Amino acid sequence: ILAVGYLFYHWMKVGWIGHHEGSTWAPSFETVNAFGFLKNLAVLTWRLLDFGRIWVWCLLAIMLVFTASKPKLRLSSFDKSNTGHQLLLLTIVVFLATVPIQLPYKGLLAHRYLLPFFISVNLTVLYYWQNYAPKIKVRWLQKLALPLLCLGLVTGNLWQYPSNISMGWDCTLAHLPWYGLQKQAQAYLISNKIPFETVGTAFPNIGKREFFELDGRQDGFVEKDFSTNCYIMHSNVMNDFSEDEIQMLRSSWKPVFHKSLGAVSIDIFKNPKPALPCVN
């Protein structure tokens, strides 16, 4: 009720909800054709399995197989006081409230938008396994299922895709080295007296440092422009660099800084033909 009230008030005041034509994210709300819808279904399937979540669905599949073969394991009639039924209902409601409204649009299937569904699925599967495991007379499965599931989810944070495939970095612990590497890149620029505003980059590193570090600094990096930037900062956690731009940096620009840790890397390149005079 609070959310609906706020959104209605927002719409009355500004005339839009969620996005508007001038929004940076407006292209994400463009509707797709039939082929695009099928592509979104494939992407949704990928998201549901990504970063080790495939093992959650494997455990669910195991329970369904045993349930089908053993009538005593099947769900009883719905009981609103039953915790398992409550979790199952929650999962269904969260799915219906989120996923169907994402499928018709171009850019709404990011991992982070599916987190409520992931959490509800995990809770439901784990709850039912806790109750079903003692009834499944397969000792090794009883002992190894949860350790293997936890191992799969933890190692899922090590999954990494080629640079031309965008990753959901904000939904995997693989991004953690970014913060230290980004500070090292800043230290390099400061030590070489390179103003931050001469360095182009991409989301999530554009804007005043105050917004990122709450330190009052008003300088910051600008949006990449290959014709005017003296330097370009690129990291593989940035999904807004095209393959052509990355190739241009590696083939035509001068690399002046490189650091990597784990799955994350940061590079700074110097423009060989800047439109304006550059430091160093």
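These figures come from a predicted structure and were not determined experimentally.
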Worked verdict on Tyr188 versus Val256 for side-chain contact (heavy atoms from CB on, under 4.5 Å): CA-CA 9 Å; Tyr188 167 81; Val256 296; 3.4 Å; yes
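- Residues Val121 and Val56 come closest through the heavy atom pair CG1-CG1, 4.0 Å.
- Counting only heavy atoms from C-beta outward, the side chains of Asp219 and Lys208 never approach each other to under 4.5 Å.
- Shown here are the ring-ring contact (aromatic ring centres under 6.0 Å, His included) partners of Phe203, two or more places apart in sequence or in another chain: there are none.
- Heavy atoms from other residues, nucleotides or ligands lying under 6.0 Å from OH of Tyr161 number more than 12.
- Applying the ring-ring contact (aromatic ring centres under 6.0 Å, His included) test to Phe269 and every residue at least two apart in sequence or in another chain returns nothing.
- Between the Gln160 side chain and the Ala263 main chain, a donor and an acceptor come within less than 3.5 Å of each other.
- Phe95 and Val43 end up in the same hydrophobic cluster when Ile, Leu, Val, Met, Phe, Trp and Tyr side chains are linked at under 4.5 Å.
- Residue pairs meeting the salt bridge (charged side-chain N to carboxylate O under 4.0 Å, His left out) criterion with at least one member in residues 165-183, sequence neighbours excluded: Arg112-Asp170.
- Hydrophobic clustering keeps Val4 apart from Tyr9 (ILVMFWY residues linked when any side-chain heavy atoms are closer than 4.5 Å, directly or through intermediates).
- If you chain together hydrophobic residues whose side chains sit under 4.5 Å apart, Leu88 and Phe117 fall into the same group.
- Between Trp57 and Leu49 the shortest side-chain heavy-atom distance falls below 4.5 Å.
- Hydrophobic cluster of Val154: no remaining members, since no ILVMFWY side chain lies below 4.5 Å from it.
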Arg53/His111 under side-chain contact (heavy atoms from CB on, under 4.5 Å): CA gap, chis, key distance, verdict: CA-CA 12 Å; Arg53 280 185 290 273; His111 295 78; 3.4 Å; yes
Residues Glu213, Gln186; criterion side-chain contact (heavy atoms from CB on, under 4.5 Å); working and verdict: CA-CA 12 Å; Glu213 299 162 14; Gln186 288 189 55; 2.9 Å; yes
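- Between the side chain of Asp240 and the backbone N or O of Ala202 there is no donor-acceptor pair closer than 3.5 Å.
- Contact record, Arg47 with Phe118: O-CZ, 3.6 Å, taken as the closest heavy-atom pair.
- In this structure, Glu210 does not pair ionically with Arg217, as no charged nitrogen and carboxylate oxygen lie closer than 4.0 Å.
- Contact detail for Met233 and Asn205: the closest heavy-atom pair is SD-ND2, 3.4 Å.
- Across Ala145 and Leu59, no two heavy atoms sit closer than the pair CB-CD1, 4.1 Å.
- In this structure, OH in Tyr113 is found 11.5 Å from CD1 in Ile101, a value given to the nearest 0.5 Å.
- By the 4.5 Å heavy-atom criterion applied to side chains, Val264 and Ser260 are not counted as neighbours.
- Atom CG of Leu249 is separated from atom CG of Asp267 by 8.5 Å, given to the nearest 0.5 angstrom.
- Checked by atom type and distance alone, the side chain of Asn229 never pairs as donor or acceptor with a backbone atom of Ile232 at under 3.5 Å.
- Residues Pro100 and Leu96 approach most closely at CD-O, 3.5 Å, considering heavy atoms.
- Side chain of Ser235 to backbone of Met238: no donor-acceptor contact under 3.5 angstrom is found.
- Counting non-hydrogen atoms of neighbouring residues, nucleotides and ligands closer than 6.0 angstrom, the CH2 atom of Trp178 exceeds 12 such neighbours.
- Checked options Phe211, Tyr231, Phe212, Phe196; the residue passing with Phe221 is Phe196 (criterion: ring-ring contact (aromatic ring centres under 6.0 Å, His included)).
- Remark: Glu21 CD to Ser23 OG distance equals 11.0 Å, nearest 0.5 Å.
- Residues Leu115 and Trp159 fall within the same hydrophobic cluster, defined by Ile, Leu, Val, Met, Phe, Trp and Tyr side chains chained together at heavy-atom separations under 4.5 Å.
- Hydrophobic clustering, with ILVMFWY side chains joined whenever heavy atoms are under 4.5 angstrom apart, keeps Phe226 apart from Ile206.
- The neighbour count for Glu223 CD, taken as heavy atoms of other residues, nucleotides or ligands under 6.0 Å away, does not exceed 12.
- From Ser191, atom OG reaches atom CD of Gln184 across 11.5 Å, with rounding to the nearest 0.5 Å.
- The side-chain heavy atoms of His175 and Met167, taken from C-beta on, include no pair separated by under 4.5 Å.
- When atom types are taken as modelled, the side chain of Asn236 and the backbone of Ser265 share a donor-acceptor pair closer than 3.5 angstrom.
- The aromatic rings of Phe241 and His234 sit perpendicular, their planes meeting at an angle over 60°, well past the 30° parallel limit.
- Looking at heavy atoms from C-beta onward, Leu158 lies out of side-chain contact with Leu173 at the 4.5 angstrom threshold.
- A 4.5 Å side-chain heavy-atom check between His258 and Ile266 finds every atom pair outside the cut-off.
- Here the side chain of Thr91 pairs a donor or acceptor atom with the backbone of Ser120 at under 3.5 angstrom.
- Take Lys39 and apply the salt bridge (charged side-chain N to carboxylate O under 4.0 Å, His left out) test, not counting sequence neighbours, and it matches no residue.
- The salt bridge (charged side-chain N to carboxylate O under 4.0 Å, His left out) check on Asp244 picks up nothing, with sequence neighbours excluded.
- Contact check for Leu151 versus Trp55: no side-chain heavy atoms found under the 4.5 Å cut-off.
- Nearest approach of Trp16 to Trp11, heavy atoms of both residues: N-CD1, 3.8 Å.
- Put simply, the side chain of Thr198 never gets that close to the backbone of Ile194: no donor and acceptor are under 3.5 Å apart.
- Side-chain contact between Phe8 and Ile17 is absent, with no heavy-atom pair separated by less than 4.5 Å.
- To the nearest 0.5 Å, atom OH of residue Tyr179 and atom CG of residue Leu261 are 13.5 Å apart.
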Leu114/Leu44 under side-chain contact (heavy atoms from CB on, under 4.5 Å): CA gap, chis, key distance, verdict: CA-CA 9 Å; Leu114 295 166; Leu44 173 63; 4.1 Å; yes
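- Summarising the geometry, atom CD1 belonging to Ile62 is positioned 9.5 Å from atom CG belonging to Leu149; distances are rounded to the nearest 0.5 Å.
- When each of Leu109, Leu108, Leu103 is paired with Tyr105, the side-chain contact (heavy atoms from CB on, under 4.5 Å) condition holds for Leu108 and for no other.
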